[in-house]
Structures are given as C-alpha cells and as structure tokens.
Protein chains: 2
Amino acid sequence: MTHTPTEENYIKEIYHLQLVHGEVTTNSLATAMKTRPASVTDMLKKLRSKRVVHYQRYKGFSLTASGTRTALSIVRKHRLWEYFLVNKLGFDWHKVHEVAEELEHVKCEELVTRLDEYLGKPAFDPHGDPIPNHKGQLKKIRQEPISSFLPKQTGMVQSVKNQSPEILYLLLHFGIGIGSKLKVIRKFDFDGSIEIKIDKQPPFILSYQVAQNIFCTK
Amino acid sequence: MTHTPTEENYIKEIYHLQLVHGEVTTNSLATAMKTRPASVTDMLKKLRSKRVVHYQRYKGFSLTASGTRTALSIVRKHRLWEYFLVNKLGFDWHKVHEVAEELEHVKCEELVTRLDEYLGKPAFDPHGDPIPNHKGQLKKIRQEPISSFLPKQTGMVQSVKNQSPEILYLLLHFGIGIGSKLKVIRKFDFDGSIEIKIDKQPPFILSYQVAQNIFCTK
DNA sequence: AAATAAATTTAGACAAACCTAAAAAATAAT
DNA sequence: ATTATTTTTTAGGTTTGTCTAAATTTATTT
Ligand SMILES: [Mn+2]
Ligand SMILES: [Mn+2]
Ligand SMILES: [Mn+2]
Ligand SMILES: [Mn+2]
C-alpha cells in the first residue's frame, strides 16, 4: 500500500500521540496536524479504507498492526535523515527536523537501506530518539529528566523531550548535547531551577522548564 | 517566489525542451510531462501569473529570466542528489534519476549549500551532465558521439545523451562509464555498428543506436 | 432524568492538478 | 482564397485535502 505525504504525516502523528498520551482523539490530532477536526474526520475515513486505522464514528480510532509498521518505517526514515544532516552535512541539531519532515517522504526502499548502511546503522538520532531498525525494532534506554536528579549526582544526556528549535538552540548555546555529562550542583526550591556543572566549563543555571526536558542516565 | 513540486517539474521540463529543441510547444510539453495539452494550458496560465513564463494564448511561451534561474536551481539540486546517490551511497547510475526526481523538490537552501560542499562542489553528475554552480553557471565540454569517431581514434566518455535506465544498464554491463577510454577498432557500414576496445578487456560491438548516445572527447 | 456543554461528524465549498469533449485559432493543402 | 488539418484553448467535471457552519452524538452538570 502506498500513501501520500499527507497521509504519511497523519500516520506518523497518530503514532506519536498514541505513544506519548496513550490515546488519540480527533481534536488532539487536529491540533497536532494544525488542521481542523472536520479534516481529521475526512482523513480517518480514508485511512480506514486503507486499513491503516481502526475507526468507528464517535467511538475513536487507533493504528492497526499494519498502520503501526508503516508509522515506524516513516519514523525510521525521518531519524536516519536527521542523523545524516547533522553527522554528515554538519547541520545544527535544531535545524534538521523541518528538512527531515520532507525527506522522510521520498519513496525508495533501496535509498533507506543504503543510507542506513552509509551512516553505520545508527540506533539514535541527533536528539537521542531511537531509530527503528529495518524490522521496526527500537532500542530503549532507562532515562530520567535531570530535574529529578539530586545534588552531587551526575547524568549523561541521552535525549531531549521537547524538541522545538527554541529549546534545542538554547541547549546548543549552553554547550549541552547528547552525551554531555551534567553534574547537579544545587537545586532552588523556589522555582525548581538547577545549577549544573559541565567539566571545564563554568557552572550555570537551568530553568525547571528546560531541566524537565533533558533526559539522562546515571 | 515558492513553487509546488508539480510547478517545478514543469519549469524544469520547459527548460530542457528549450535547450534541446530550441523551442517548446503545448503539445511537446504535454508529451514530456505525460499529461494532456489542456492541463499544460492550465499550468501555463498559472506560471504566467507567477512570472515564470512569457505566454500569450495561441502565440507560444518561453521561460522568463527569473524562470530560467529557477530551472537552473532545480537542475542543480537534481544533479547534486544524483551525484550523492552514486558517489556516496553506491547506487548504480541507472537507478538514480527517479529518486533525484523527488529529492530535487526538498526546500532548504542550506541543504543545497552543505550538500554541494560535502560532495566537493562537483561540476558534472554521474551521467556527465554539467551541474550548475550556485550562480547557475554551467561548465561546457566539447564532445562528439563515438559513432562519429574514425577507426584507430580514441575517445574518453564524457556523457550519455539518452539517459533511459535501459541504455545506462546496457553500458554498465559493457563496463562503459564516464571517464572510460574507448578505442574505435572498426566500423560496419551496413548498420553503423562499431567495434570498440577498452584496455584490458576483450573488444566488443556497439550498435549505432547506442554509439550515437555516447559522447566523448578526443 | 433533563439540560447543558463538549466532541465529533456531516454538508457544502474551494483550490490544485488533472481529465474529456467541444470550440476556436493557426497552419497547411488544395 | 477556400477548405481541411493540426494545434491550442475553453468548458465543465473529478479527486485530494482543506475549510466553515450546522447537525449529531457523547459526556458532564445540575
Ligand atoms: Mn513529513
Ligand atoms: Mn529527531
Ligand atoms: Mn521532480
Ligand atoms: Mn543525470
């Protein structure tokens, strides 16, 4: 079964919303897709006819097994391209999502296979998100937000939850990236902000909003 | 001015037809685009309103200066991606056109610049066609079809005119690629076929149809 | 159990890119 | 100079993905 770029974007978004919130609704999908609920309903009928979603009017919807496989293959392409853009072309990590949003729709199995090989079959994208392998399998890593770490504890950055260009750009300027080792110096109860130290850099303060989004392993 | 992928494909095709035949007509463009003359007329009105073509009904059309610049930038992207697919990902040269046909529409100036840098600012694509530089300038090479060479003359392959996957695949199997040194052994007047020798390979015969399409420098 | 509010779907339209069939203009042939 | 042929354009429709406004169903309050 072949899908239009628009269908693929819907499929990917349904997958993400299911993963993050456990469920999707017409409204939440409309918000995520920056479109109207009526348009979502139209698309759901189309995706149902293509066996991508289970859907009964007024009763909700979810990806079928085959729809999930499709979603994973799109996510795979998206993240492989992001990896390419950052690690081969030297893009900053906050500029690649938008471009990968287009590249992910290029239709060519051989391209995905060769790109994967060329990149060395990476398991994580530049934002620390797992890249599904050719079978759709994901590597999982136990990780906690740095905001939950205690003073004197050290964590290694594994991923960033909120991936807006704004927060990624901020982290770039703090010198924080995937793999950075962060030591918690102290926490300020008043606003939840945290003082952080990176080796060979002066300590600095992260707001709670930012710290919540930096996921680390101990 | 921003264009849809469809508009871009029309612009590129108008450019090619103008280059190869000196002119374009509604019918020739319809054939090239695998669509109907009526659809071409619709698109011409749209492209005129976007100042891409000069167009008067029943009087013909041609690219404006700005339309030509746009065409060159699409050709540039197409050929850079082809170069990438062959020289970085290891694709065979007869499989890349179709994929580049999609990649060329990805909208990101920085991507083109970085890709160009990454590839070493190549001047020719895998089929020997010139890649416009960032200013839209093309390198030209004096070249003749190997069918016009005389016995005992040697030529170096610079480009292939007909670029259907079929002829490219055939050449691949003969071991002929850009840069190959071909020595003409003899020519058969009956059908125009030519006996060719490549160093360290047994001689072989090329049909006139094929020989006509292999362009070489002396 | 009604009434109200929220979520979802339907109805009807629109723009892009395509189509077929018919009309109009340009070109070629007599 | 007509007539015939070819080329191009218009007229009117279709499909995809979008929209707004109205109707319907479900969920929440009272
Ligand atoms: Mn996308
Ligand atoms: Mn990512
Ligand atoms: Mn194209
Ligand atoms: Mn080429």
Side-chain angles (χ1 to χ4, degrees), chain A residues 1-15 17-18 21-63 67 70-71 74 101-102 104-107, chain B residues 1-15 17-18 21-63 67 70-71 74 101-102 104-107:
Chain A
M1 186 90 282
T2 177
H3 301 287
T4 65
T6 307
E7 285 167 9
E8 290 190 342
N9 287 335
Y10 269 96
I11 294 168
K12 191 155 58 85
E13 198 55 53
I14 296 171
Y15 173 82
L17 291 174
Q18 281 187 354
H21 299 108
E23 54 150 29
V24 216
T25 63
T26 303
N27 270 342
S28 68
L29 185 51
T31 306
M33 295 298 297
K34 296 194 172 117
T35 184
R36 297 301 181 156
S39 308
V40 168
T41 301
D42 287 346
M43 183 55 77
L44 286 174
K45 289 178 190 163
K46 196 174 165 207
L47 293 179
R48 177 179 53 192
S49 80
K50 289 187 157 195
R51 320 262 149 190
V52 170
V53 294
H54 297 293
Y55 166 58
Q56 280 187 284
R57 54 184 219 155
Y58 293 113
K59 296 290 163 71
F61 57 94
S62 62
L63 288 176
T70 302
I74 305 164
E101 206 48 57
E102 291 188 53
E104 70 190 358
H105 304 294
V106 175
K107 296 258 170 322
Chain B
M1 185 90 285
T2 176
H3 301 286
T4 66
T6 307
E7 286 167 10
E8 291 190 343
N9 287 334
Y10 269 96
I11 293 168
K12 192 154 58 82
E13 198 55 53
I14 296 171
Y15 172 82
L17 291 173
Q18 281 189 171
H21 299 109
E23 54 150 28
V24 217
T25 63
T26 304
N27 271 342
S28 67
L29 185 51
T31 305
M33 294 299 295
K34 295 191 172 126
T35 184
R36 297 300 181 156
S39 306
V40 169
T41 301
D42 286 347
M43 183 56 77
L44 286 174
K45 289 178 190 165
K46 197 176 164 203
L47 293 179
R48 177 180 52 192
S49 80
K50 289 186 156 195
R51 321 262 150 192
V52 170
V53 293
H54 297 293
Y55 166 59
Q56 280 186 286
R57 53 183 221 156
Y58 293 113
K59 297 288 163 71
F61 57 93
S62 62
L63 289 176
T70 303
I74 305 165
E101 207 47 57
E102 292 189 53
E104 70 190 359
H105 304 294
V106 175
K107 296 258 170 323

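Every chain is numbered from 1 and lettered A, B, ... according to where its sequence line falls, protein lines coming before strand lines. Small disclaimer: the values here were computed from a predicted structure and weren't measured.
Atom CG of A/Asp42 is separated from atom CG of A/Leu47 by 11.0 Å, given to the nearest 0.5 angstrom. Within the model, atoms OG1 of A/Thr4 and CE of A/Met43 stand 5.5 Å from one another, a figure rounded to the nearest 0.5 Å. Here B/Asn9 contributes atom CG and B/Glu7 contributes atom CD; the two are 10.5 Å apart, rounded to the nearest 0.5 Å. Rounded to the nearest 0.5 Å, atoms CG (A/Leu44) and CD1 (A/Ile14) are 6.0 Å apart. Note that the CZ atom of A/Phe61 and the NZ atom of A/Lys45 stand 13.5 Å from one another [nearest 0.5 Å]. Rounded to the nearest 0.5 Å, atoms OH (A/Tyr15) and CD1 (A/Ile11) are 13.5 Å apart.
Residues from residues 28-37 of chain A lying near DNA chain D, meaning a heavy-atom separation below 4.0 Å, are A/Thr35, A/Arg36 in numerical order.
Residue A/Thr26 is in sugar-phosphate contact alone, with no base atom involved, counting any heavy-atom pair closer than 4.0 Å across all strands shown. Across all strands shown, B/Ser39 has heavy atoms under 4.0 Å from base atoms, whether or not it also approaches the sugar-phosphate.
The closest side-chain heavy-atom distance from B/His3 to B/Val52 is below 4.5 Å.
With sequence neighbours excluded, the residues that form a side-chain contact (heavy atoms from CB on, under 4.5 Å) with B/Glu102 are A/Val106, A/Lys107.
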Report, as a single string ordered 5' to 3', how protein heavy atoms within less than 4.0 Å touch nucleotides 23-29 of chain D: B base, S sugar-phosphate only, - not at all. -BSS---
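Among residues at least two apart or in separate chains, side-chain hydrogen bond (donor to acceptor under 3.5 Å, both in side chains) pairs with a member in residues 23-38 of chain A are A/Thr25-A/Ser28, A/Thr35-A/Ser39.
Between A/Tyr10 and D/dT18 there is a side-chain polar atom (N or O) within less than 4.0 angstrom of OP1 or OP2. A close approach under 4.0 Å does occur between a side-chain nitrogen or oxygen of A/Tyr55 and OP1 or OP2 of C/dT9. Neither OP1 nor OP2 of D/dT7 sits under 4.0 Å from any side-chain N or O of B/Thr25.
Atom pair B/Lys45:NZ and C/dA16:C1' shows a separation of 14 Å (rounding to whole Å applied). Atom C1' of nucleotide D/dT8 and atom CD of B/Gln56 are separated by 14 Å, given to the nearest angstrom. Atom CZ of B/Phe61 is separated from atom C1' of D/dT7 by 12 Å (rounded to the nearest Å).
Here the shortest heavy-atom pairing between A/His54 and A/Leu63 reads CD2-O, 4.1 Å.
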Could you go through nucleotides 3-6 of chain D and list every protein N or O atom that sits under 3.5 Å from one of its N or O atoms, giving the distance for each pair?
none

With 3.5 Å as the limit, what N/O pairs link the protein to nucleotides 13-16 of chain D?
none

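Comparing A/Thr6 and B/Leu44, the nucleotide of DNA chain D nearest to each residue sits closer to the 5' end for B/Leu44.
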